[in-house]
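Have a look at the structure below before the remarks.
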Amino acid sequence: MGEPEKHRILMVSDFFYPNFGGVENHIYYLSQCLIKEGHKVVVMTHAYQNRSGVRYMTNGLKVYYVPWKPFLMQNTLPTFFGTLSITRTILIREKISLVHGHQAFSTLCHEALMHARTMGYKVVFTDHSLYGFSDVGSIHMNKVLQFTLADVTQAICVSHTSKENTVLRSGLPPEKVYVIPNAVDTAMFTPAPERLSRDEIVIVVISRLVYRKGADLLVEVIPEVCRLHPNVRFIVGGDGPKRVRLEEMREKHSLQDRVDMLGAVPHAKVRSLTEAFCIAILEAASCGLLTVLPDDMVVLAAPDPTTMVHAITRAIYMLPQIDPQDMHNRAFKQLNMIVFGPLVTLDWGEACILDSMLDLVGLKAVEHSFWALRRLNIHFGLPSVPYLWHLGRENILYSYDSKFFALASLATMEGRKKTCDSGASPIGAAQGHLLFRHNVELGFRSSSVNVLGLGEHRVTQFSRLCCEEEPKFTSIYHPKNWTRKSRIGVVSVELDVSNTSNPSNEKLKMRLLKVATCNLNQWAMDFDCNLSNIKQSIAEAKAAGAMIRLGPELEITGYGCEDHFLELDTVAHAWECLKELLLGDWTDGILCSFGMPVIKDSERYNCQVLCLNRKIIMIRPKMWLANDGNYRELRWFTAWKSKDHLEDFHLPSEVSDALSQTTVPFGYGYVQFLDTAVAAEVCEELFTPQPPHAELALNGVEVFMNASGSHHQLRKLDLRNRAFISATHTRGGVYMYSNHQGCDGGRLYYDGCSCVVVNGDMVAQGSQFSLKDVEMVFAQIDLDAVASLRSSISSFQEQASCKAKVSKVFVPYKLCQPFNLLMSLSSPLKIRYHSPEEEIALGPACWLWDYLRRSGASGFLLPLSGGADSSSVAAIVGSMCQLLVFDNRIVVIVHRFFRSLGVQDKNAVDIRITSCGVAELKMLQHGQNLGGSLIYFVVKFKVNSMSSMSEDKQTIEFCFLYNSIITVNAEIANGDKQIKADAIRIGHYTDGQFPTDSKEFARRIFYTVFMGSENSSEATTTRAKVLADEVGSWHLNVSIDGVVSSLISLFQTLTGKRPRYKVDGGSNIENLGLQNIQARVRMVLAFMLASLLPWVHNKPGFYLVLGSSNVDEGLRGYLTKYDCSSADINPIGSISKMDLRTFLKWAAVHLGYSSLAEIEAAPPTAELEPIRADYSQLDEVDMGMTYEELSVYGRLRKIFRCGPLSMFKNLCYKWGTKLTPAEVADKVKYFFKYYSINRHKMTVMTPSYHAESYSPEDNRFDLRQFLYNVRWPYQFRKIDELVNELDGDKIALTKSTDGENVNVTADGGMGVVAAGSGDPRAGF
């Protein structure tokens, strides 16, 4: 089908914001949903007080407040033709294609509909209330209704009673009137966890205090009820003209202590004398309160005081027998809702009707896809609900097993049993219309599916509907929008879902499998933490209906245990944790793969343990171990080499006794279930020349589980994702990937990004950076798609026919479910990648947070020099605070909105973010194109003074430009309890307070110190202060001149000599010594402040000192040993200077720290020498090479494994068009000289976040000697010989004439090594 037509819709009514009420909220949320569907929506209403003209609301909703004042009950004076001019202007200016009027007694609505039809527009009318036929007002209103609705295109009512009322009053043909009933999300309305006290009975009335809401009845009912029942108290919320009478009643009967008048309560939907379908009744029933529905759940009364008093008395007597939870469960069965998707090939009227339904079902501002209902499904253990194609003529109902997701009026629900003769339970059958698409097979999980036509004429049973051509049923209803091209038909069906255990036709079976993978923030050797995260991940997977749960590699112990793996205790504790998981119900009904070390015979293996239903079904040892870069698995584990068979592994005795299981298959193989085959492929095995998944796929394995421990490195994610895609692109399959996420105790940050790939398409992806301990990723897969792809590839079939057999373990258990339209399938998605700048902002920030919360420290201290490196660290800490805290600026916007509604007290409103989104855009500022993001927040708020209001009754969207990082990761705002608890502990919040502002939080946990000297410039002093203010740190400005002078004087006393700087005539030795004194004084001062400043400010604990040297300076050794770069940890120690400068420019815009732009533009300087008119110290001059050249040297040395001679050869290709071979040789020799001189500094480098593949970090990544012959006599001699052969004083290469490829010379290319030395992506 093609894209649905996009409309430009004009909503017209006298009732809209700032007035509050059901119609007002309906129009607003309906407009928001239509906007999200891509339609343009404009609202036309009358002026409210001083609100006149054009206003804009959320998502660009344009509102015309026309200059007409209301004269009665918020209605404008009827003039018939007075509004023609402005209505016509709006219709033409906004290019309207559809006019939608609301509410029968809105004069503006009727006039707009009349003018629109006169001008030839199509119009829709929605009636929200019931009216009589005999009173004077109703008679006149009905006449108006007959006149204005005579040629309306379509009409909508919210219940069948409302439809009958509207048809009788207006004379509309019944087929023109559609019923779209209201509904409620029962998951949002649950009883209080504890039974309320019966000592006091509280009766709540929330309503506009007007006649038609029954306010006059309260004046007589309340005193009588209070007289008869001394333990009854009333709470009356709402405002209106009848409030005065209630106030007088309260004074007259001295009921001030028993009747609370709350005043106006926004967004309240309550029952009234003319309500067509009261949502509040459904909400209250779901909460377990006495309202309507069956006789034991409802107390009805005629609208007179005496009857109402008797009804209230009856309800009071019934109250002790009411079980709120039982009532909630019953309400769930009868009132649950269905999510509807977009509609196509329907005419404009039906499209508008079904779009309207998005609001009426209660989705409001939440996305109306099946994702919006996932939370509800998880709550009740149901599968995800897909988009449904539907056409609503009467009730719209659909069934899953014996539970209903339904839209229907109460009357229909009550009468359902009477109209069903199929023998089903009262909620076991439903009548409605379903719209089916071309080539869609509908397999109902029901043994009895009957087709009904108009007039409820029964047809024979069927189990398959396929509208490929004209539907072959004897009673088919063809709507007027039938299109041969799309072959859409409508059938009316009655479904008996009382027995749904088996499909009625085996051919209808699809193999639907729901899988769950996860990112876990484990901590090496913290078994309690790790086990808790594992249990949480299993619980969430089971709640979502997943049949497979995959965790990361070595998740029980943590991946980074290193030499702790050599301890027998570590293995024993892992078995104890696994036993605890198997003795509980964690593995019941779900296949779980756990990572842990296992000792078999005398060898230690890195294993995946596959468990199901409290049994271990297989242990799969890792066959190819990661043993390069940061990985040393061969130091701790043995690779499994027996591929041809499975062996019996005898479980440890304590595990065997507990599980009543003695042995388990151990080795390389897969698990064959009744309906699919599953196998494990562990991390490094995927990247080997002959990965196991190729052989396993030929043996019929369809689901591959890869448990990994992969760390973050800039620009690395694409390599990993391409491996998953290629693994299944040509051979088919479902590839599940799980990874650690966070700092587990070392230099690495594991960057999550768990995902699911199907046949080369990624269908689910987790976050790369997050502060959460557990993040789940779900996918619903059709395994028949895998089988279909494999059967279509001839080469796959041929290779499979002569494959080498792989051992398998047979498990007589089904993982899949048959076809069910209510089980949505995951679709391919666009893979999300962060830019390198975002990776620098997010990765080190998350790493710092894990280190901070797990180290017991109270914060960070940073020597902030005002230069690029230390400023980058400050920005990263600021990013961490923004990740944690829901920025207060959004709260201010929300409170400003409430002030416009008359809510002045900030404490009266509870605000929390519920969802958010990011839309990329470009901003033009002074002619410069700046990257930016349009962020929208769905903010949920509750008025605290109305504790009886349900939390989901108030939802508002805010759209504005803001930092995308905060939006995606504002963890405290999103309600993560562990992160909030850690933030409260570290920030030392008391009395229930918690962080609400990133700058305020930074001031609690972040000290910055500018340690200036006589050599420091005013510019760097100012930059440091401005940046500290922007981040929010507690900033100190300290002069070290006194300490330095004292040390120099001490030296002079001891030796009789006073050193001088080079600019003052001193030698290089004197110059370097004076610089070292300053640098080391700063280190001592930093650690002293970090240990004592918390004591000064009455804070417990200590602060971690942050270092700020980058990877290029470490490689060159351009730093002082034991200077202020010698810190506790360093978030940028493995990031290049080039990347940091790019990050500073990005952060100036996206993090809101504008001073970083000036810092980035300043030339790098250490400011350790005096500034003179003719001299200023610069880093690149001091080093004798640029930072760009350092990056090239670093990649050649580490990534491409070049010694001096190889580096010279490759650089001759790279730089040969601008430098002579002799000049290239000098540069290479100069680099290796100072690299080898300073290599010893790497042995004491601050532990740094690993982010770059050419890091010289000596601890585990770049293992080399630190004592060199710095003259490199043999290597340099070989270089000299080559220079002589090449006539080294002349340019050897000419420039390329190919302007598009700078890596090509006139005589050819420079080669992959030389080209890669300038590529930041090299090394993957």
Side-chain angles (χ1 to χ4, degrees), residues 1068 1111-1119 1136-1138 1179-1242 1252-1256 1258 1261-1296 1302-1320 1322-1323:
N1068 285 332
V1111 68
D1112 297 322
E1113 291 172 349
L1115 179 65
R1116 163 63 171 76
Y1118 185 64
L1119 53 93
S1136 72
K1137 189 77 166 189
M1138 304 300 292
D1179 288 354
E1180 293 183 335
V1181 175
D1182 278 359
M1183 292 189 299
M1185 60 192 73
T1186 66
Y1187 282 108
E1188 184 178 3
E1189 290 173 343
L1190 268 172
S1191 295
V1192 172
Y1193 298 144
R1195 295 188 188 99
L1196 288 172
R1197 181 196 70 95
K1198 175 65 178 177
I1199 299 174
F1200 296 104
R1201 299 160 297 280
C1202 290
L1205 184 61
S1206 296
M1207 185 180 293
F1208 166 74
K1209 292 177 181 178
N1210 282 284
L1211 288 180
C1212 282
Y1213 283 112
K1214 185 174 183 64
W1215 293 339
T1217 59
K1218 58 183 179 179
L1219 297 177
T1220 66
E1223 290 172 329
V1224 173
D1226 289 341
K1227 284 181 174 290
V1228 172
K1229 292 176 183 179
Y1230 189 82
F1231 164 72
F1232 273 99
K1233 173 185 176 181
Y1234 282 96
Y1235 158 73
S1236 55
I1237 287 174
N1238 294 300
R1239 178 66 192 183
H1240 67 96
K1241 296 179 182 179
M1242 295 301 97
E1252 183 58 70
S1253 54
Y1254 67 88
S1255 170
D1258 184 70
F1261 183 70
D1262 189 45
L1263 305 181
R1264 302 171 192 248
Q1265 71 207 66
F1266 55 85
L1267 177 61
Y1268 284 89
N1269 183 342
V1270 299
R1271 294 182 299 275
W1272 297 79
Y1274 189 89
Q1275 293 89 336
F1276 287 0
R1277 187 166 64 250
K1278 289 296 181 180
I1279 293 176
D1280 292 337
E1281 292 174 359
L1282 274 179
V1283 171
N1284 293 330
E1285 292 177 11
L1286 294 171
D1287 194 8
D1289 294 331
K1290 296 181 180 179
I1291 298 292
L1293 301 176
T1294 58
K1295 292 185 179 180
S1296 170
V1302 297
N1303 291 334
V1304 177
T1305 65
D1307 297 322
M1310 65 174 62
V1312 295
V1313 175
S1317 65
D1319 183 5

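For clarity, every value in this text was computed on a predicted model and none was experimentally measured.
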Report task. Begin from the C-alpha positions of V1192 and W1215 and carry the test side chain to side chain contact (heavy atoms under 4.5 Å, CB included) through to its verdict. Result -> CA-CA 11 Å; V1192 172; W1215 293 339; 4.2 Å; yes
Roughly how far, to the nearest 0.5 Å, is the [atom2] atom of [Y] from the [atom1] atom of [X]?
{"X": "D1112", "Y": "T1186", "atom1": "CG", "atom2": "OG1", "value": "9.5 Å"}
{"X": "T1220", "Y": "L1286", "atom1": "OG1", "atom2": "CG", "value": "10.5 Å"}
{"X": "L1115", "Y": "R1197", "atom1": "CG", "atom2": "CZ", "value": "5.5 Å"}
{"X": "S1136", "Y": "Y1187", "atom1": "OG", "atom2": "OH", "value": "11.0 Å"}
{"X": "F1208", "Y": "K1229", "atom1": "CZ", "atom2": "NZ", "value": "8.5 Å"}
{"X": "E1189", "Y": "Y1230", "atom1": "CD", "atom2": "OH", "value": "11.0 Å"}

Validation row: [X], [Y] side chains within 4.5 angstrom (heavy atoms):
{"X": "M1185", "Y": "L1190", "result": "yes"}
{"X": "Y1268", "Y": "Y1235", "result": "yes"}
{"X": "R1116", "Y": "K1241", "result": "no"}
{"X": "W1272", "Y": "K1233", "result": "no"}

Requested in this report: List the steps and the verdict of side chain to side chain contact (heavy atoms under 4.5 Å, CB included) for L1211 and K1227.
Outcome: CA-CA 10 Å; L1211 288 180; K1227 284 181 174 290; over 6 Å; no
**Report entry** Full working for side chain to side chain contact (heavy atoms under 4.5 Å, CB included) between M1242 and R1264
**Finding:** CA-CA 10 Å; M1242 295 301 97; R1264 302 171 192 248; over 6 Å; no
Do you know which two heavy atoms are closest between [X] and [Y], and how far apart they sit?
{"X": "L1196", "Y": "M1207", "answer": "CD1-CG, 3.7 Å"}
{"X": "V1270", "Y": "F1276", "answer": "O-CE2, 4.4 Å"}
{"X": "K1209", "Y": "L1282", "answer": "CE-CD1, 3.7 Å"}
{"X": "P1256", "Y": "V1111", "answer": "CD-CG2, 3.4 Å"}
{"X": "G1216", "Y": "I1291", "answer": "O-CG2, 3.3 Å"}
{"X": "I1279", "Y": "P1204", "answer": "CD1-O, 3.7 Å"}

Requested in this report: May I ask you to decide whether R1239 forms a salt bridge with D1262, counting only side-chain N to carboxylate O separations under 4.0 Å?
Outcome: yes
**Report entry** Carboxylate-amine/guanidinium contact K1278 D1280, below 4.0 Å
**Finding:** no
Please say whether more than 12 non-hydrogen atoms of neighbouring residues, nucleotides or ligands are located less than 6.0 Å from [atom1] in [X].
{"X": "L1267", "atom1": "CG", "value": "no"}
{"X": "E1188", "atom1": "CD", "value": "no"}
{"X": "R1271", "atom1": "CZ", "value": "no"}

**Report entry** F1232 and Y1193 aromatic centres sub-6.0 Å
**Finding:** no
